[in-house]
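To find a chain, count down the sequence lines: A is the first, B the second, and so on, and within it residues start at 1.
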Amino acid sequence: MRKICVVILVVFLLFTSSLFPAAAETDDPDNPVFVGGEEVTLSAWAEEDARLAAKYSLMPQYPLLEDYGSSSNTITDYRQPITRAQFVRFALSYAAVMNHSSQSTFQHLVEVLRAEKSGASIRFPFTDDMTSDVVVAYTLGIVEGRGNGVFDPNAWITRQEAATMLYRTYCIFGETEDEPGAIRFPDKAEIAPWAIEAVSILQGWSVLRGMEDGRFDPHGYFTIQQCMVCFLRLYELAPVSWQKGNVTPLFSVEETVKGIEAFSNLSEISLRLDGPLATFLRTDTSGVMIGATRYYLVYQIGGVRDLPEALPSDDLGYPLENVEFSEDGEILTYSIILDADKHSMYQGQKTLLYEQGVYHVMIDVGSCEMTVTKEA
Amino acid sequence: MPNWPYNWPYKGNPDLNLVELNKGAHYYAYSPVLSTSVYTEAFANIVLPTAFQNIPIGVSAQYASRNGYICLGLRGQRPSGDSSGVDIGLLNTGNGWRPFYYDVASGEDEATDYSEDFSDYIASSSATNAIIVVKPMGATSVGLYVRFVNSAGTTLLTFDQTLPVNYRASWSQYYRFASLIPSLSTASSINTDSTYMLGGQFTNLGLYNQSTGVYYPWGLYSTSPELISDYWTVYHPRCNVTYTNNSDSFTIDHWA
C-alpha cells in the first residue's frame, strides 16, 4: 500500500512542479550532478542549483539512503519526497558550511562538545534511529523526536514542517531580528500556528516562494530537491551567512582544540602551532593495529578544516620538520625527511610509495590547497 | 603471494600490510564477503588470557609497554570504494580488560576517526570470560555487547552500546584478531621484549544466520558453510594458534 502511495505521490510531485516555475522534467546527460559519488536525478529546474549547492559543499557528504536502518539502498531520485532522516543530512551539510568546517569534523565536534551542554546523550536518544547524524541534529536543535524515544526517521516531511526545520537550522547560527511579516500565501489560513513564524520569515527572505499557483501548500510533502534548493537559498539569501562573513562560530579556537583532543582517548595532540590566522594541529593515534595521524587548521575566525597528509602513510604519519607559518599567517610550510625509501604492500605485492629524500610542503591557509615538492 | 613468509601459518590470500610487521606477534581471521543482512551478528565466548605481561622486561627503557587486543571486527565499503574495518572488542593496557572500538578513517574520504577505550568498564581480575556480540546497526553505527563473567559464571559487568562509526555503504565481512602491540608506534619495538599474553581463547565462535535462525560455527577451517576465507599469523611461533570447528586458542609470547 505504501509503495502505491509513493508512486502516486511522486507522480503528483513531478507534474505539479511545486515551489518552482514549470520546466521540462528532463536531466542534462552532459552535466550530471553527483552526491557522494552517485549521480542523482533532478528536475531540470533544480539542476543548476544542485551544481551551485555542490560547489558550496551544501550537498550531503554521502549518498542518501532509503532507510538508515538498512544501509544498502541509496536514493538518487531527488524528485521524491524527503524523509526526516534525509533532511538531517542536508541540514548538517549546511551547518558545517555555516561553521566554515569540514563536515565530519564539525559533526564530531558537536558530538563531543555540545551533547553534554544540551542534555542529549552522545549515544542514541531514539529507539528507531541509530545514526550519529540524527543525534547531532537533535543536539543542535534542528530536529525533535515524536515523543517516547521515537524519531520516526522514514516519515515524509510536510512543507510546513520543513519550514520550521529549515528555520531551526538557520537559528543555530543567527537569531534573526526580523519580525514575522504578513504571510502572502493565499492558503495561509491552512498553516498551523506553530509554523507561522518560520513560514513568514522564510518567505520574507525568498527562501520559500510557494507553488506555481501561489499557494504554500503547507500539508504537501517536501521533496529532496526542494530541500536542497531551500538550503541553498538560505545560505545565499538569509541575513546571516558564512558567505556574508557575519556568522558567530559555534566553537572558539580553544573549544575546537579541546574537542579534537576529546575525539578519542586513544589519540593525542602531538603538535600545535599557533599562527596569526589559524592554529595547526596534528593528532596521533598509536598503540592500535593501524595507527592514524590527522592534521587540522583551526581558524581564528571560526571553523576547522581537515588537511590531507602530504605523504599518505598506512600508519602514523611521518615526523614533520621546520613547521612554520609565514609572517602574515597565510602560508604554512613544513618538511618531511625520509631517510629510506617507503613501501606499501597489498596482498603480497610490495610497491614503492616514496623515495628517500626531503619533501617540502606548502599549504595555503585560506584554501587548504597543498603543494608538495621533493628537493632535488 | 611472492612476498608472504611461507613459514607462517596462513589460509587464503592474506592482506598482509608492512605496517603489521611493527605490531608484534598476532593473528587475523576474516570471513568471506557475505551479506550482513543474512549473517547479522558475530558471537564469541572469549576465555581471557591467564597470563598477561605487557611491560617489556630486560630491555632498555626505550621500548614501550604494549596494548593487548582480543577483538572481533566489521569491514565495510567506504564511499571511495575502499574497504575498511572497525575493530571492536577488548583492550588491556595493563590494568584489566575493557570494551574498545576503533574505526580509522580512510585517507581518501573526508572522515574522522571514531574510537574509544571504555575505561569505566574495566573487568575485575576475577573475570575469566567475556561473552561478546558484534553487529552492524546501519550505515553509521555498530553494536557491541560484552558481558564479563567469573569462573562460576556470575556476571560481573555488562556493556551494551551502539557506537557511531564512519559511513559504510555496506558491511561485508566479519573478522577477529588477537595482538599485543607497542603502545607508542613511534617508540622502538622488538619482538623479544619478554611480553606475553597466554591462555586466551575465542570459544563458541559463531555467525548468526537470520534466515535460518542458527549460529554457524566460525572456526578457522569450519565448513558448510566455510565462514573463514583468510587467516594469517605474524611472527609465528611467537604467535601460535590452535583451532577447532568453533574455537581458536592463541598464545602471543615475545620471548627473549
Side-chain angles (χ1 to χ4, degrees), chain A residues 36-38 61-63 65 67-72 74 102-109 111 122-124 129-136 260 263-267 270 283-292 294 306 308-309 312-316 319 342-350, chain B residues 1-4 13-20 22-23 26 37 64 66-67 69 71 76 79-81 87 93 100 102 104-105 107-117 119 136-141 143 161-171 177 179 181-187:
Chain A
E38 290 204 0
Q61 192 177 3
Y62 304 122
L65 298 183
D67 177 352
Y68 283 84
S70 66
S71 61
S72 53
T74 56
S102 308
Q103 193 174 330
S104 56
T105 302
F106 169 72
Q107 285 187 216
H108 210 162
L109 278 175
E111 282 177 307
I122 189 170
R123 301 296 173 214
F124 303 94
D129 190 286
M130 297 292 173
T131 63
S132 52
D133 293 3
V134 167
V135 178
V136 169
I260 289 171
F263 279 177
S264 167
N265 53 10
L266 296 166
S267 68
S270 58
T283 65
D284 289 319
T285 307
S286 57
V288 289
M289 285 306 291
I290 298 177
R294 302 289 167 224
D306 307 340
E309 288 186 273
S313 159
D314 292 338
D315 199 7
L316 281 190
K342 298 293 179 186
H343 297 85
S344 73
M345 188 149 74
Y346 178 67
Q347 296 199 333
Q349 300 299 321
K350 192 173 175 182
Chain B
M1 264 187 320
N3 292 316
W4 181 257
N13 195 20
D15 181 14
L16 177 71
N17 190 308
L18 288 180
V19 169
E20 293 180 15
N22 299 320
K23 305 292 181 178
H26 62 270
S37 58
R66 291 178 181 262
N67 296 343
Y69 293 92
C71 286
S80 63
D87 299 342
T93 57
F100 150 90
Y102 179 57
V104 61
E108 289 183 30
D109 298 301
E110 190 208 308
T112 181
D113 300 318
Y114 282 93
S115 59
E116 202 157 339
D117 160 4
S119 49
M137 304 290 285
T140 58
S141 51
Q161 288 195 14
T162 301
L163 307 167
V165 296
N166 284 301
Y167 172 91
R168 299 297 195 288
S170 62
W171 297 101
F177 68 92
S179 59
I181 304 173
S183 59
L184 290 173
S185 301
T186 48

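- Interface summary for chain A: among B:Gly143, B:Ser141, B:Gly76, the most heavy-atom pairs under 4.5 angstrom belong to B:Ser141.
- In this structure, the portion of B:Ser179 lying under 4.5 Å from any heavy atom of chain A is its side chain and not its backbone.
- Annotation: side chain to side chain contact (heavy atoms under 4.5 Å, CB included) contacts of A:Ser270 (sequence neighbours excluded): A:Arg282, A:Asp284.
- No part of A:Pro319 comes within reach of chain B, as not one of its non-hydrogen atoms sits under 4.5 angstrom from that chain.
- Residue B:Asp117 touches chain A through both its backbone and its side chain, counting heavy-atom pairs closer than 4.5 Å.
- Under the 30°/60° scheme for interplanar angles, the aromatic rings of B:Tyr69 and B:Phe177 are found to be tilted.
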Item to check | Steps toward salt bridge (Lys or Arg N to Asp or Glu O under 4.0 Å) verdict (B:Asp113, A:Arg294) | outcome: CA-CA 9 Å; B:Asp113 300 318; A:Arg294 302 289 167 224; 2.8 Å; yes
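- Judged as a side-chain hydrogen bond (donor to acceptor under 3.5 Å, both in side chains), and not counting sequence neighbours, B:Ser119 has no contacts.
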